[in-house]
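Worksheet: the structure to be examined is printed underneath.
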Amino acid sequence: MQKLSRNKDILYEGSEVLWQTEDLALAYKDRLFDYREKTIGINEPIEQGWDEVKSNYKRKKLVRKDKTKDKAFEDNVWKMFYNAGFEILSSKPFKLKTKRIKISKKALIDNPELKKTHTEIDVLVKDGNNVFVIECKSKETYGKSAQIDSAINKITTKKKRVITAIRELFYDVDDKKLDIHFIIATEDIKWSSSQEAEAKENNLIKLMYEDTLYIEEVIAIAGKGTKYTLLNRLLYDKEMKNEYTITALEGKMGGQKYWMFGAQPEELLKYATVNYRTKESSFSNLKDSYQRRLIPAKVKKINEYILKENGFFPNSVIINFSREPKKIERIGNRAKYEEQGVNAALMPVRLTFPKYYGSAWVIDGQHRLYGYADTEKKYTETLPVVAIRMEDPIAQSKIFVDINENQKAIPPELK
């Protein structure tokens, strides 16, 4: 089990970073419902806001209190990351000691946040070198809200001090190579164009309630394997720390260059996303989506085939690179291959994926890929892949339509 460095100096009293399975399970249970329950003595008076509920207790009473909408939303965001497979999350409440800096009296009057020597964080999540600091805001009825302005102000005011504290907190774990991202998650709040512009200017990630519904839908299908989908959504088009290089065969068909290779599902999931259309989303690349929704029954059937029957799929997953591959290095020489009587229509290359989150879209094979997502076999099995590079989403969607229109089901009598 990993340990934190100097956490007693950084964490405010009562705050914890949870990464033991049992600790996370208990924290999840506390957030499971939109209400809180506790037991009190049989003769003890019931506090205001609490109601007695039917139970089998004979010497005590079970009472329940509904969570406020904002606290329920905060818990739902925490649960989304937990269910998606993130293994390091914050306790509730969670506060970091953030040192005060020298500042003018006028600035203190204008911004009371600067007076505090600690910062409360609604949800803190860590995965590898990525840390997410999440501020959650909710409104009773849908509409615009100044809560977003206050959230932006709170983050920008203390951003540097929070980053310093987080680097100190995880010092022994990942050295200082952390990427710390700030998210504003909202429910029933309409963002104004000026709020969106200010958030973008300050490199803050916008997460809408509709986005959480999309991720929860994927979680119901892919379970803990949803982690990479969520990372690709939140960090879309941001540069990754690590590179992925594989040996591939490069060819050309219909004037289009393509690469064929084998890849572990876990590696594909780090880069490839399944984009299906949705009415409203803050995930920027969804507007050009053409995929059908994942079918839970189909993913489950494939999952069972993989696990119970040790099944495999010799047909290829087809992906499109949304950016140019970082590097393509030829292996060998075409003329020398042909001298040896080897058909060199396909040339071996070392192919390095684009070094960006969400840099590949799955055109065909999404159910096969997600059939591995919640299994240990995603680390050991290999999927055959054909990759192309097309910028135009209309051209990609044409390939998707051609594949699905021209593939014919096997007639029952042939089976």
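- Put simply, the side chain of Ser359 never gets that close to the backbone of Tyr271: no donor and acceptor are under 3.5 Å apart.
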Take Glu266 and Tyr228 through the side-chain hydrogen bond (donor to acceptor under 3.5 Å, both in side chains) test and state the conclusion after the steps.
CA-CA 9 Å; Glu266 191 248 357; Tyr228 295 126; 2.7 Å; yes
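- Looking only at side-chain heavy atoms (C-beta outward), Tyr357 and Met240 come within less than 4.5 Å of each other.
- Because its NZ or CZ atom is not both nearer than 6.0 Å to the ring centre of Trp78 and within 45° of the ring axis, Lys92 does not count as a cation-pi partner of that residue.
- Judged purely by distance below 3.5 Å, without hydrogens or angles, the side chains of Arg31 and Tyr82 never pair a donor atom with an acceptor atom.
- Between Ile184 and Gln195, every side-chain heavy-atom pair lies at or beyond the 4.5 Å cut-off.
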Report the C-alpha separation of Lys139 and Ser145 in whole Å, then their side-chain angles, then the decisive distance to 0.1 Å, and conclude whether the side-chain hydrogen bond (donor to acceptor under 3.5 Å, both in side chains) test is met.
CA-CA 8 Å; Lys139 195 170 180 288; Ser145 175; over 6 Å; no
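- Shown here for Asn153 and Thr157, the closest heavy-atom pair between the two residues is O-OG1, 2.6 Å.
- No side-chain donor-acceptor contact under 3.5 Å links Asn129 to the backbone of Leu178.
- The backbone N or O of Lys241 lies less than 3.5 Å from no partner atom in the side chain of Lys177, so there is not a single donor-acceptor pair.
- Residues Val349 and Ile331 share a closest heavy-atom pair of C-CD1, 3.7 Å.
- Of the candidates Asn76, Leu207, Thr186, Ile219, Thr212 forms a side chain to side chain contact (heavy atoms under 4.5 Å, CB included) with just one, namely Leu207.
- Crowding of Tyr209 atom OH: a count of heavy atoms from other residues, nucleotides or ligands under 6.0 Å not exceeding 12.
- Formation of a donor-acceptor pair under 3.5 Å by the Asp374 side chain with backbone atoms of Lys224 is found in this model.
- Using a 4.5 Å cut-off on side-chain heavy atoms (C-beta onward), Val133 and Leu124 make contact.
- Surrounding CD of Glu87 are at most 12 heavy atoms belonging to other residues, nucleotides or ligands under 6.0 Å away.
- Within the 4.5 Å cutoff, the side chain of Thr226 has no heavy atoms near those of the Asn83 side chain.
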Audit row: Asp51, Tyr35, side-chain hydrogen bond (donor to acceptor under 3.5 Å, both in side chains) steps and yes/no:
CA-CA 11 Å; Asp51 295 302; Tyr35 56 82; over 6 Å; no
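- For NZ of Lys190, the number of neighbouring non-hydrogen atoms (other residues, nucleotides, ligands) closer than 6.0 Å is 12 at most.
- Sorted by first and then second residue, the ring-ring contact (aromatic ring centres under 6.0 Å, His included) pairs with a member in residues 44-74 form an empty list; sequence neighbours excluded.
- With hydrogens and angles ignored, the 3.5 Å screen pairs a side-chain donor or acceptor of Lys158 with a backbone N or O of His118.
- Two residues are said to be in side-chain contact when any heavy atoms from C-beta on lie closer than 4.5 Å; Gln147 and Ile189 meet this criterion.
- Using modelled atom types, no side-chain atom of Asn232 and backbone atom of Thr273 make a donor-acceptor pair closer than 3.5 Å.
- With hydrogens and angles disregarded, a donor-acceptor distance shorter than 3.5 Å links the side chain of Arg368 to the backbone of Asn315.
- Contact detail for Ile42 and Lys58: the closest heavy-atom pair is CD1-O, 4.0 Å.
- Looking at Ile163, Ile180, Val162 one by one, the single match for side chain to side chain contact (heavy atoms under 4.5 Å, CB included) with Val131 turns out to be Ile180.
- Between the side chain of Lys144 and the backbone N or O of Ser192, no donor-acceptor pair lies under 3.5 Å.
- A cation-pi arrangement is present between Lys126 and Phe170 under the rule of less than 6.0 angstrom and at most 45 degrees off the ring axis.
- Looking at Asn310 and Lys377, their side chains come closer than 4.5 Å, going by heavy atoms from C-beta outward.
- Side-chain contact between Thr352 and Pro325 is absent, with no heavy-atom pair separated by less than 4.5 Å.
- Scanning all heavy atoms of the two residues, the minimum distance from Ala165 to Leu96 falls at CB-CD1, 4.2 Å.
- Annotation for Lys378 and Ala373: closest pair NZ-O, 3.1 Å, computed over non-hydrogen atoms.
- Proximity of a side-chain donor or acceptor of His367 to a complementary backbone N or O of Ile295 within less than 3.5 Å is detected.
- Formation of a donor-acceptor pair under 3.5 Å by the Asp211 side chain with backbone atoms of Met208 is found in this model.
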Kindly indicate, with the supporting measurements, whether the criterion salt bridge (charged side-chain N to carboxylate O under 4.0 Å, His left out) is fulfilled by Lys206 and Glu196.
CA-CA 8 Å; Lys206 171 187 170 188; Glu196 289 182 341; 2.5 Å; yes
In residues 253-260, what donor-acceptor pairs under 3.5 Å come from side-chain atoms, sequence neighbours left out?
from: Gln256; atom 1: NE2; to: Arg389; atom 2: O; distance (Å): 3.4
from: Trp259; atom 1: NE1; to: Glu250; atom 2: OE1; distance (Å): 2.9

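- Between Ala185 and Ile134, the shortest heavy-atom distance links the atoms CB-CG2, 4.1 Å.
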